[in-house]
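Values below: all heavy atoms of this structure, side chains included; hydrogens, waters and symmetry mates excluded. Just so you know, these numbers come straight off a predicted model, no measurement behind them. Order of the sequence lines sets the chain letters (A, B, ...), proteins ahead of strands, with each chain counted from 1.
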2 protein chains.
Amino acid sequence: MSKKEVVHLYKKVIEDLKSLIEKGEYKKGDLLPSENDLCKSYDTTRVTIRQALSALANQGYITRKHGKGSIVSEPKTGLGILSLSGVTAGVGDQKLTTSILQKPIKREWPDNFFYKLDERESDAGCIFFSRLRFINSVPVLYEETHITNIDLPHFSSRNLENRSLFKILKDNYKIEVKEGEQKIWAIHADKNISALLNIKTTHPIVHMKRRLQTNNKELRIYSSLYCNTEENFLQDSF
Amino acid sequence: MSKKEVVHLYKKVIEDLKSLIEKGEYKKGDLLPSENDLCKSYDTTRVTIRQALSALANQGYITRKHGKGSIVSEPKTGLGILSLSGVTAGVGDQKLTTSILQKPIKREWPDNFFYKLDERESDAGCIFFSRLRFINSVPVLYEETHITNIDLPHFSSRNLENRSLFKILKDNYKIEVKEGEQKIWAIHADKNISALLNIKTTHPIVHMKRRLQTNNKELRIYSSLYCNTEENFLQDSF
DNA sequence: TAATTTAACTTGTATATACAAGATGTTTTT
DNA sequence: AAAAACATCTTGTATATACAAGTTAAATTA
């Protein structure tokens, strides 16, 4: 016997439409089928369809216009996802490379971890990895990540170099970032960081610690990062 | 004849409950009246009440628990609201003071403004002001703010020293921040900033530029800030 | 007493329906 | 030809109802 048998209709509508939007079958500015059309397609009533559409609107996939329809929105960059941008316009993704300094390993949480952990989290242990990101072969950002050690099949063997952690979590485990908090400092690089980022110790860098909550309440993402913002900057949306 | 005559029932329920939560009549962890109780109070049906409750849940005022009820959430610090926190625990608000260097004035947008403006925004002009924030009488953060010049009665004369801009906008004009983006750099202070923050020009500081969208699509908030994070740090939630 | 069952609450999902109100193109009137 | 009216789309608000499923405490049973 399988665990989840009933899939609720409104959830199916959400998933279907999301997937069509993400596949690009509905592009930005397009109108989704009208509520009544969707009612016919799914053999249901407007209340159910509207439940799905309002969820999609809330998640930023569409905006709804009275008398007009459901308009597909700009694809979200993703809540809390930091992007690195060049000050000179048009730094394409191809110039961004990543090297994994520490592959994901299961371990205990560090002593005196920078965020307070709840009991369940503490018992579960964590998965740790660290990455160094380059723009045009210049090291720009060093990041250490701890995530709660819940069962994520094959996570350790996934390629964290080319794809963002967030995309992996979403595509493979349906985990999305819901909210978070971050603390920001400007500091001078210490020996370690100055070596990694190939800068002088008098060079100002951004230090950021962040905690991200996901739609899986068991799983939180913690990261501590150091960024040389001389030629680039950190950007995020919320 | 007044303009808005029909107030929709579900909106009234939202406003009523919001107000009770904000006044503290329902505190964090409390249960709101059940859906059926609310149905009786407002002489309506569950569909309407649930429309209101799901909006409140979406805005973070409550979380809903199947079989249990609507639980009042931790009051949100507010989307995109930066807070200054001391590295030493427990920097109370009383130690935070603000001085207004430039009182709000209406003016044209600066040339080459750091974010691109749309036409309507550009035509409207802006309200500009700048503030310097102190912790324990030490200057820590300098902020320049531009907001779109829409009609905000008496805004210029409001006291920006003791209350946050966000609180003023919410309480007096029902304007809330919906989303935003920010860019972050670590830099060395220039002459101006080093004088304002009373630091050496070799001191690393955080420079941040942000654009915030509000529930009034005519009004955006732009700010550019410089922060000495030696004894404190910048924190925000999203 | 301790474990189990039941009852009574809660929210979740769903159907069926009605009318209001915004958007838009067509038809009629001026 | 321009303006007004209309028809027909769309989403928005609302009522009324039914049963499923999670939670909790009381009642029953062992």
Whole angstroms only, please: what is the NE2-P distance between B:His66 and C:dT11?
9 Å

B:Lys183: which residues meet the side chain to side chain contact (heavy atoms under 4.5 Å, CB included) condition with it, sequence neighbours left out?
A:Phe233, A:Gln235, B:Tyr115, B:Glu181, B:Trp185

B:Tyr42 vs A:Gly69, nearer the 5' end of DNA chain D by closest nucleotide
A:Gly69

CG (B:Asp43) with more than 12 external heavy atoms under 6.0 Å:
no

Would a line drawn from the ring center of B:Trp109 to the ring center of B:Tyr222 be shorter than 6.0 Å?
yes

What residues form a salt bridge (charged side-chain N to carboxylate O under 4.0 Å, His left out) with A:Arg158, not counting sequence neighbours?
none

Indicate, with yes or no, if the rings of A:His146 and A:Phe129 have centres closer together than 6.0 Å.
no

By a strict heavy-atom criterion of less than 4.0 Å, which residues belonging to residues 44-52 of chain B are in contact with DNA chain D?
B:Thr44, B:Thr45, B:Arg46, B:Val47, B:Thr48, B:Gln51

Mapping B:Tyr10 and B:Lys68 to their closest nucleotides on DNA chain D, which lands nearer the 5' end?
B:Tyr10

Note down the inter-axis angle between the two ends of the helix from C:dT1-D:dA30 to C:dT30-D:dA1, five pairs each, to the nearest 10°.
10°

Will you find, in the side chains of B:Tyr173 and B:Asn216, an N or O donor that is under 3.5 Å from an N or O acceptor?
no

Segment of DNA chain D, first to last nucleotide, that comes within the 4.0 Å heavy-atom reach of chain B:
D:dT13 to D:dT24

Name the residue closer to the 5' end of DNA chain C, choosing between B:His8 and A:Lys11 according to the nucleotide with the nearest heavy atom.
A:Lys11

Does CD in A:Glu25 sit with more than 12 non-hydrogen atoms of other residues, nucleotides or ligands closer than 6.0 Å?
yes

Within a 6.0 Å radius of atom CD on B:Glu15, are there more than 12 heavy atoms belonging to other residues, nucleotides or ligands?
yes

Close side-chain approach of A:Leu169 to A:Thr214, heavy-atom, < 4.5 Å
no

Could you check B:Asn149 against B:Glu121 for side chain to side chain donor-acceptor pair (under 3.5 Å), going step by step and ending with a plain yes or no?
CA-CA 8 Å; B:Asn149 178 30; B:Glu121 219 173 357; over 6 Å; no

Any residue meeting salt bridge (charged side-chain N to carboxylate O under 4.0 Å, His left out) with B:Glu144, in chain and number order, not counting sequence neighbours:
none

When the nearest nucleotide of DNA chain C is assigned to A:Asp43 and to A:Lys65 on a heavy-atom basis, which residue is associated with the more 5' position?
A:Asp43

Between C1' of C:dT11 and CG of B:Leu53, the distance in whole Å
10 Å

